[in-house]
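The block underneath contains the structure these notes are about, expressed in structure tokens.
Every value quoted in this text rests on a predicted model; they were computed, and no experiment measured them.
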Amino acid sequence: MVFFTERTNMVEELGSRDEFLQRSREIETSYDLIGEIRQRFLRFKRQKYLPEIEKFQALAIAQSPKVMVIGCADSRVCPSYVLGFQPGEAFTIRNVANLITPIENGPTETNSALEFAVTTLQVENIIVMGHSNCGGIAALMSHQNHQEQKSSLVERWVMNGKAAKLRTQAASSHLSFDEQCRKCEKESIKDSVMNLITYPWIRDRVKRGEVEIHGCYYNLSDCSLEKWRLSSDTINNGFCVSDREIWT
């Protein structure tokens, strides 16, 4: 019995030691990451900031971007990286699934940034940028509509894309879940583009030709971009999403 107890204690001790070493490795990894971030910052300062110090000092005083981008929070799709924006060129906000709600839904972080970008900074272009394999749209498509009151914050947020989901399911019930998600990703972008027109200070500027609105869909698999533009619908005296282009 004594041998069994000693062996048990030794195993427990080794287990505790292994856990300690694992925690130590995790801590070392986090410190390495911060160290790498520090080096990247210093490299940015040395290679970009200092050679263009006048430009960056001017940006420290004011900004005058011509573009606003509403993108997804997904770490794989950084609008400035994909579209090549430099500091000061694009006013950017990102949320789960790049959704824009109608004005009647009330204030959100996204539409408050929209108001600032359009009325104060006076941007001339608004781009809604979605992407393939979007986790937010997958959550939307897999969510059970009757469970909205019991949903997580993410699920409740993505349900703002419910209209796109229902259209997709009605038109594509014969397709696989993944294929339906790809279609819904695009439908959701188009809905967000149309929702922008519910804001009077955007609608008026679009009518006067002071603001243009675009929707973009970035395909992670082949690095292509599908683009639409908000156009006037002369037949119905309204607006529509048209002028599809593919950038490859």
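- Here the shortest heavy-atom pairing between Ile189 and Gly215 reads CG2-CA, 3.8 Å.
- Between Ser231 and Asp243, some side-chain heavy-atom pair lies under the 4.5 Å cut-off.
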Legend entry - Worked check of side-chain contact (heavy atoms from CB on, under 4.5 Å) between Met129 and Ile70: CA-CA 6 Å; Met129 183 176 179; Ile70 298 95; over 6 Å; no

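- For the pair Lys183 and Leu175, the minimum side-chain heavy-atom distance is below 4.5 Å.
- When all heavy atoms of Glu89 and Pro65 are compared, the pair lying nearest together is O-CB, 3.5 Å.
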Legend entry - Derivation and outcome, side-chain contact (heavy atoms from CB on, under 4.5 Å), residues Gln86 and Lys55: CA-CA 11 Å; Gln86 297 301 309; Lys55 169 187 172 181; 4.1 Å; yes

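- Grouping the Ile, Leu, Val, Met, Phe, Trp and Tyr side chains by contacts below 4.5 angstrom, directly or via other members, places Ile103 with Val128.
- For the pair Asp222 and Ser224, the tightest heavy-atom approach, listed with the atom from each and the gap, is OD1-OG, 2.7 Å.
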Legend entry - Steps toward side-chain contact (heavy atoms from CB on, under 4.5 Å) verdict (Glu124, Val67): CA-CA 6 Å; Glu124 298 172 1; Val67 182; over 6 Å; no

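- The pair Glu226-Lys186 meets the salt-bridge criterion, with a side-chain N (NZ, NE, NH1 or NH2) lying under 4.0 Å from an Asp/Glu carboxylate O.
- Ring-centre distance between Phe56 and Phe44: below the 6.0 Å cut-off.
- One hydrophobic cluster, built from ILVMFWY side chains closer than 4.5 Å, cannot hold both Tyr217 and Leu220; they sit in different ones.
- Across all their heavy atoms, Ser188 and Ala97 have their closest contact at OG-O, 4.5 Å.
- By the neighbour-count criterion of 12 heavy atoms within 6.0 Å, atom CG of Leu153 is sparsely surrounded, having that number or fewer from other residues, nucleotides or ligands.
- Between Cys134 and Cys181 there is no side-chain heavy-atom pair separated by less than 4.5 Å.
- The shortest side-chain heavy-atom distance between Phe239 and Lys207 falls under the 4.5 Å cut-off.
- Here the CZ-OH distance, from Arg76 to Tyr218, works out to 10.0 Å after rounding to the nearest 0.5 Å.
- Ion pairing of Glu185 with Arg182 is present here, as a side-chain N (NZ or NE/NH1/NH2) and a carboxylate O approach within less than 4.0 Å.
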Inset, instruction - Would you check, one step at a time, whether the test side-chain contact (heavy atoms from CB on, under 4.5 Å) holds for Ile126 with Glu212? - result: CA-CA 6 Å; Ile126 303 173; Glu212 289 192 359; over 6 Å; no

Inset, instruction - Could you go through the side chain to side chain donor-acceptor pair (under 3.5 Å) check for Glu115 and Ser112 one step at a time? - result: CA-CA 5 Å; Glu115 183 180 47; Ser112 64; over 6 Å; no

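- Other residues, nucleotides and ligands place more than 12 heavy atoms under 6.0 Å from the NZ atom of Lys227.
- Phe91 and Leu83 are assigned to two separate hydrophobic clusters, defined by single-linkage of ILVMFWY side chains at heavy-atom distances under 4.5 Å.
- Of the possible polar contacts, one joining the Arg94 side chain to the Asp74 backbone as a donor-acceptor pair under 3.5 Å is found.
- The shortest non-hydrogen separation linking Ile213 to Ile197 is CD1-CD1, 4.1 Å.
- The line from CG of Leu114 to CD1 of Ile93 is 7.5 Å long, rounded to the nearest 0.5 Å.
- Transitive grouping of hydrophobic side chains (ILVMFWY, heavy atoms separated by less than 4.5 Å) keeps Trp228 and Val82 in distinct clusters.
- Atom CZ of Phe177 is separated from atom SG of Cys184 by 9.0 Å, given to the nearest 0.5 angstrom.
- Lys165 contributes no side-chain N or O that, together with a main-chain N or O of Ile137, makes up a donor-acceptor pair within less than 3.5 Å.
- In this structure, Asn111 and Thr101 have side chains that are in contact, with non-hydrogen atoms separated by less than 4.5 Å.
- The side-chain heavy atoms of Tyr199 and Val118, taken from C-beta on, include no pair separated by under 4.5 Å.
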Inset, instruction - Applying side chain to side chain donor-acceptor pair (under 3.5 Å), run through Asn95 and Thr110 and close with a yes or a no. - result: CA-CA 8 Å; Asn95 65 45; Thr110 298; 2.8 Å; yes

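- The OG atom of Ser172 lies 8.0 Å from the CE atom of Met141; values are rounded to the nearest 0.5 Å.
- Counting only heavy atoms from C-beta outward, the side chains of Val96 and Val158 approach each other to under 4.5 Å.
- Using a 4.0 Å cut-off between charged nitrogen and carboxylate oxygen, Glu36 and Arg40 count as a salt-bridge pair.
- Surrounding CZ of Arg208 are more than 12 heavy atoms belonging to other residues, nucleotides or ligands, all under 6.0 Å away.
- Counting heavy atoms of neighbouring residues, nucleotides and ligands inside a 6.0 Å radius, atom CD of Glu54 does not exceed 12 of them.
- Of the charged side-chain nitrogens involved, at least one lies within less than 4.0 Å of a carboxylate oxygen, so that Arg167 and Asp191 count as a salt-bridged pair.
- Atom CG of residue Leu230 and atom CG of residue Leu196 lie 8.0 Å apart, to the nearest 0.5 angstrom.
- Although no hydrogens or angles enter the test, the distance criterion places no donor-acceptor pair under 3.5 Å between the side chain of Thr198 and the main chain of Pro102.
- A pairwise comparison of heavy atoms in Cys216 and Ile127 identifies SG-CG2, 3.8 Å as the closest pair.
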Legend entry - Worked verdict on Trp247 versus Glu245 for side chain to side chain donor-acceptor pair (under 3.5 Å): CA-CA 7 Å; Trp247 299 351; Glu245 299 178 21; 2.9 Å; yes

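- Residue Gln47 qualifies as enclosed at atom CD: its count of foreign heavy atoms under 6.0 Å is above 12.
- To the nearest 0.5 angstrom, Gln180 atom CD is 7.0 Å from Ser173 atom OG.
- Gln57 is listed as a side-chain neighbour of Tyr49, based on a closest heavy-atom distance under 4.5 Å.
- Note on Trp201 and Met194: same hydrophobic cluster, where clusters join Ile, Leu, Val, Met, Phe, Trp and Tyr whose side-chain heavy atoms are under 4.5 Å apart, directly or indirectly.
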